[in-house]
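To start, the structure under review is shown below, and the notes come after it.
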There are 2 protein chains.
Amino acid sequence: MNNTTLAKELDLNPATVLEMVRKLAVKKLVQILSDKSIRLTEKGEKKALLIIRKHRLWEVFLTEKLQYNWNEVHVLAEQLEHIESVDLVDRLDAFLKFPTVDPHGDPIPDKNGNLKIKTTISLDKALIKKNYTIVNLADTNDIFLQYLGELKIKPGIKLKLLNRNEYDATVSVIISKKTLQLSNKVAKNILLELVN
Amino acid sequence: MNNTTLAKELDLNPATVLEMVRKLAVKKLVQILSDKSIRLTEKGEKKALLIIRKHRLWEVFLTEKLQYNWNEVHVLAEQLEHIESVDLVDRLDAFLKFPTVDPHGDPIPDKNGNLKIKTTISLDKALIKKNYTIVNLADTNDIFLQYLGELKIKPGIKLKLLNRNEYDATVSVIISKKTLQLSNKVAKNILLELVN
DNA sequence: ATTTTTTATTTGGTTAACCAAATTTTTAAA
DNA sequence: TTTAAAAATTTGGTTAACCAAATAAAAAAT
Ligand SMILES: [Mn+2]
Ligand SMILES: [Mn+2]
Ligand SMILES: [Mn+2]
Ligand SMILES: [Mn+2]
């Protein structure tokens with residue numbers, strides 16, 4: 001990761017990012033390599049994973065317990081992830097019965113920061129006539145998620161890929177007996193796992 | 001409320017407090033009266049009550065759902081109360097089945113900021129031989145709460161006042177068949193309601 | 001009515017997180 | 001290799017929240 005991209009991603013001035021990165025380097029959370037690219041240190045990674053853990057557990061809480069739609073939880077979790085207390089997140093984890101993935105199918109790091117990433121294929125590259133389980137969604141965009149929500153597409157749902165249009169790569173899939181068409185853009189963001 | 005007391009309470013420099021109060025006045029959240037004392041405006045009160053509502057609901061959540069001891073929840077709630085979202089707190093409220101008091105017996109303002117305050121007597125002023133229900137605790141001090149926790153004293157519990165020592169105002173009470181002695185300092189912080 | 005004490009306010013600073021506009025360095029093209 | 005483009009860095013500022021010390025005003029005591 002380099003400075004400018006980071007700055008763009010964070011929507012901050014590169015000068016600001018540089019300043020912050022240097023502070024993080026002093027705290028040994030990031031390392032500035034000889035080619036000026038930025039890496040998380042072990043310590044930084046631990047801290048980042050804890051935040052991801054909190055974020056995703058809160059997302060589970062919000063959907064499962066407070067009945068939020070999965071497309072609404074991200075923004076709220078962005079606030080909740082900054083609540084300081086390791087104990088709290090562990091208790092939340094227990095309360096939620098130790099979920100392994102968040103509502104979008106993203107894996108939840110455990111207490112020690114271990115996270116098991118499944119290898120997936122995106123729907124736009126899946127094989128015709130095969131059965132898949134949706135495991136994850138690659139975009140957090142609210143409109144995208146709402147659209148999928150309306151079609152009842154979410155992690156855990158099974159689907160069969162019927163065919164892929166040669167002209168625009170639109171895919172036809174069967175989901176719970178119904179056939180539907182999905183654009184290439186959508187297909188790219190639906191990540192699948194082959195059914196045994 | 002005057003400036004210096006506020007500053008002491010917040011553990012801030014009076015200059016800082018003055019500056020902040022003026023900013024709040026611009027936002028019409030407080031009013032600086034002619035005698036320089038500070039008042040919340042209607043608007044400010046609303047905002048404050050919402051924060052109290054959030055604080056107390058999170059306290060309930062932490063004790064009821066995450067099994068926290070009631071003496072541990074205050075600090076955590078102090079963070080959680082700043083999560084921005086009216087909707088979230090209303091859902092939390094529903095999830096918790098609309099509790100009317102927090103774990104310390106403090107009333108929880110409803111959606112519209114209404115809160116019903118019970119009139120109570122503190123144990124140090126209660127009448128001998130009468131039966132009371134504990135409704136509230138007047139101190140948030142962790143050691144105090146932990147001490148009461150060990151004695152199984154908490155809101156909802158019934159007690160009978162046996163007598164009050166004339167010399168040091170220590171009280172003897174019966175709580176679930178057992179007699180115990182409580183110092184005047186403790187008694188002052190236990191708020192009661194007469195049983196019918 | 002003075003004097004003393006307390007409280008409020010002003011003034012001059014600091015630090016953290018930002019930014020815009022140079023300037024320098026690096027990388028990619030020609 | 002030069003030159004052009006992109007990325008990194010420096011420099012000089014801003015704003016929000018703070019504080020300490022000085023001064024002014026108000027309240028309390030004498
Ligand atoms: Mn998210
Ligand atoms: Mn997610
Ligand atoms: Mn509290
Ligand atoms: Mn409380």
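Remember, it's a predicted structure, so these values are computed and weren't measured experimentally. Numbers restart at 1 for each chain; the letters A, B, ... are given by sequence-line order, proteins then strands.
If you measure from atom CD of B:E19 to atom C1' of C:dA8, you get 14 Å, rounded to the nearest angstrom. At whole-Å resolution of the value, CE in B:M1 and C1' in C:dA8 are 16 Å apart. In this structure, CD of B:E9 is placed 14 Å from P of C:dT7, rounded to the nearest angstrom. If you take CE of A:M20 and P of C:dC18, they are 7 Å apart, rounded to a whole angstrom. Rounded to whole Å, atom C1' of C:dC19 lies 16 Å from atom NZ of A:K8. Regarding A:L24, its CG atom lies at a distance of 13 Å from the C1' atom of C:dA17, rounded to whole Å. The interatomic distance linking B:I38 (CD1) with C:dT7 (P) rounds to 13 Å, in whole Å. If you measure from atom CG of A:N3 to atom C1' of D:dT9, you get 9 Å, rounded to the nearest angstrom.
The residue A:T16 sits close to a base: some heavy atom pair falls under 4.0 Å. Using a 4.0 Å heavy-atom cutoff across all strands shown, B:N13 reaches at least one base atom of the nucleic acid.
Outside the 6.0 Å centre-distance limit, the rings of B:H74 and B:H104 are not counted as a close aromatic pair. Taking the ring centroids of B:F61 and A:F61, they lie under the 6.0 Å cut-off.
Listed nucleotides: D:dT10, D:dT9, D:dA17. Nearest to the side chain of A:A15: D:dT10. The side chain of B:K36 lies closest to C:dT9 when the candidates are C:dT25, C:dA17, C:dT9. For A:L12, the side-chain atoms get nearest to C:dC19 when compared with the rest of D:dC19, C:dC19, D:dA8.
Using modelled atom types, no side-chain atom of B:R164 and backbone atom of B:I128 make a donor-acceptor pair closer than 3.5 Å.
Between D:dT10 and A:R22, a contact under 4.0 Å exists linking OP1 or OP2 to a side-chain N or O. Residue B:K23 places at least one side-chain N or O under 4.0 Å from the OP1 or OP2 atom of D:dA17. Side-chain nitrogen and oxygen atoms of B:T4 include none within less than 4.0 Å of the OP1 or OP2 phosphate oxygen of C:dT6.
With hydrogens and angles left out, the side-chain atoms of B:D168 and B:N184 include no donor and acceptor closer than 3.5 Å. Under 3.5 Å, the side chains of B:D87 and B:S85 contain no donor-acceptor pair of N or O atoms.
When the nearest nucleotides of DNA chain C are assigned to B:L18 and A:D35 by heavy-atom distance, the more 5′-ward of the two goes with B:L18.
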